[in-house]
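Worksheet: one structure, shown below.
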Amino acid sequence: MRNTLALSAALLAGLVGCTTPGSAPPSPAASARAASNSTVQDALWLDRLTWGATSADLAAVRRDGRAAWLDAQLQARTAPLPEAAQAQISALSIQQPLPALVQKMEAQRKAADALTDDTAKAEAQKAYQQALTQLAREASTRALLQALYSPQQVQEQLTWFWFNHFNVHQYKANLRAMVGDYEQGLRERSLGRFRDLLGYTAHHPAMLRYLDNDQNAANRINENYARELLELHTLGIGGGYSQRDVQELARVLTGLGVNLTGDKPKLKPAQDAQYRRDGLTEFNPARHDFGDKTLLGLNVKGEGYAELDRVLDLLARHPSTARFVCSKLAQSFVADEPPPALVARMAERWKQTDGRIAEVLRAMVAAPEFEASLGRKFKDPSHYVVSAVRLAYADKVVLNTAPMIGWLYRLGQAPYNRQTPDGYPLDENAWAGPGQMTTRFEIARAIGSGSAGLFKVEGERKDRPAFPQLTHPLYYEAIAPRLAPATQQALGQATSPQEWNTYLLASPDFMHR
């Protein structure tokens, strides 16, 4: 036990000290010197573009080449999941259309609020909140199963990225009932044109409620969404807009809100033709400011619903938007401080393709800066947790994602739980503190010692047998050769398979991708 604690302390010390960006790559492991450098590089390349390289990924790249693998990944499509994963997703109640789901929850809320007995009312309101929480938990389950097992790994990486970029917080109003639908729409558009993503988020009830645009009306202007649309979603800070532009955009956005009922508002005959309804989102002309606006030098005639499309076209094609979003993509996929030359080339490709994300990514991956960065990007909590489970159970579908959700809460990056609209930070400094490293070691020990509850089915008393098999071909071919001497030494002193698994998953080497 003393030896285990000593090794644990040494590993933790290494973890805390391993976070200097640009550190030299680890020396090859003596036991696997025969593995080619190209295999190691391919694995590092896959680690960056997936939620953690698997043996199957590596075999595909070695068989068909990187270009063919990337071509297949950049085609937005619905890929079949393993049967056990798909069965779990199909059973979720969030699979139903959003309007029906939200209206059902609204009926439950109103019934609870209408009760006159205080005890019964409190219990009913508690049940309503628990039902909302369960819906968000289901969305987390679906997202994690997709990240773990979808063959379309680049699409899943981007789904997480876009949700973080267009962030909403689950505990605002009834957003727990909406985040699953919101995320699914981002998934479907993740590799397409940025303009389509922008339009989707601008019309989704989750965004409109989160940033209070459902309260934005003529003579009662609310600037929250307009400000974040410019600062966080498109142009970025320093992108060339003024406070006047925020105010004018807020006027454009008046009347665009959310209707949780099936009822159409009463309108004057002249307004009726301007009314729009799509699901829970509505444009109510009675709440719109029909005056002319001037935004970023563009004269926007006060014609109602069509104003927003004109403005979104302008923002999506603005050079500041290309630079800002490409910089964030490069920060997520390349380096905490992305090389300016790389960002400039990505922005130029954005301009050439009208903001087609797949083509911008293709330019990024082809860049020498991308290759040079492999193995040096520190994993945020989501990448750490998902990559650890992918490595431990690449060929065995987990039956319970609750432990993973719990780990992400402990690490401070729970799904849909960033309160502020800026999304979770993407840089190493946010996630590399001693407390974070200690928690990661505990997670490594939980996964390395057994199933960690990942195979405990609801209603069953015990976990189903599932011990992680980390010494599969991926380890010998691509992981072992890049382990640092200190990690090799720790693994060599492990006194059990459980300790060996823990030390690998807690190693400084595994903290990078």
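Only this structure's heavy atoms are used, side chains among them; waters, hydrogens and symmetry mates stay out.
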Inset, instruction - Assess whether salt bridge (charged side-chain N to carboxylate O under 4.0 Å, His left out) is satisfied between E359 and R362, documenting all intermediate values. - result: CA-CA 5 Å; E359 295 306 314; R362 196 186 300 276; 3.5 Å; yes
Legend entry - Any residue meeting side-chain contact (heavy atoms from CB on, under 4.5 Å) with K104, in chain and number order, not counting sequence neighbours: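 Listed in chain order: nothing, the list is empty.
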Answer yes when [X] and [Y] have at least one side-chain N-carboxylate O distance shorter than 4.0 Å, and no when they do not.
{"X": "R445", "Y": "E442", "result": "no"}
{"X": "D212", "Y": "K172", "result": "yes"}
{"X": "E106", "Y": "R109", "result": "yes"}

Using a 4.5 Å cut-off on heavy atoms from C-beta on, say whether the side chain of [Y] contacts that of [X].
{"X": "Q493", "Y": "E499", "result": "no"}
{"X": "N174", "Y": "R209", "result": "yes"}
{"X": "L411", "Y": "Q436", "result": "yes"}
{"X": "R440", "Y": "P381", "result": "yes"}
{"X": "V154", "Y": "W69", "result": "yes"}

Using only heavy-atom distances, determine whether the side chains of [X] and [Y] contain a donor-acceptor pair under 3.5 Å.
{"X": "Q41", "Y": "E371", "answer": "yes"}
{"X": "E183", "Y": "Y416", "answer": "yes"}
{"X": "T50", "Y": "R390", "answer": "no"}
{"X": "T39", "Y": "D42", "answer": "no"}
{"X": "R137", "Y": "Q134", "answer": "no"}
{"X": "Q413", "Y": "S382", "answer": "yes"}

Taking [Y]'s backbone N and O only, do any of them form a donor-acceptor pair with [X]'s side chain (distance below 3.5 Å, no angle check)?
{"X": "Q488", "Y": "L483", "result": "yes"}
{"X": "T321", "Y": "L315", "result": "yes"}
{"X": "S332", "Y": "K328", "result": "no"}
{"X": "S327", "Y": "F324", "result": "no"}
{"X": "R513", "Y": "R48", "result": "yes"}
{"X": "Q88", "Y": "V398", "result": "yes"}

Inset, instruction - State whether the number of non-hydrogen atoms from other residues, nucleotides or ligands found under 6.0 Å of E460 atom CD is greater than 12. - result: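 More than 12 within 6.0 Å, yes.
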Inset, instruction - Answer yes if the ring centres of Y384 and W431 are under 6.0 angstrom apart, and no otherwise. - result: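 No, the ring centres sit 6.0 Å or more apart.
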Legend entry - Check: Y393 ring centroid to F455 ring centroid under 6.0 Å: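 Ring centres of F455 and Y393 closer than 6.0 Å.
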Legend entry - Ring-face cation contact, F467 with K396, 6.0 Å cut, 45° max: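 The answer is no; the distance or angle limit is not met.
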Inset, instruction - Sort and list the pairs that fulfil salt bridge (charged side-chain N to carboxylate O under 4.0 Å, His left out) and have at least one residue in residues 72-84, not counting sequence neighbours. - result: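 Residue pairs passing salt bridge (charged side-chain N to carboxylate O under 4.0 Å, His left out), neighbours aside: none found.
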Which pairs would a plain distance check flag for residues 225-233, meaning a side-chain donor or acceptor within less than 3.5 Å of a matching protein atom at least two apart in sequence or in another chain?
unit_1	atom_1	unit_2	atom_2	d
R227	NH2	E223	OE1	2.9

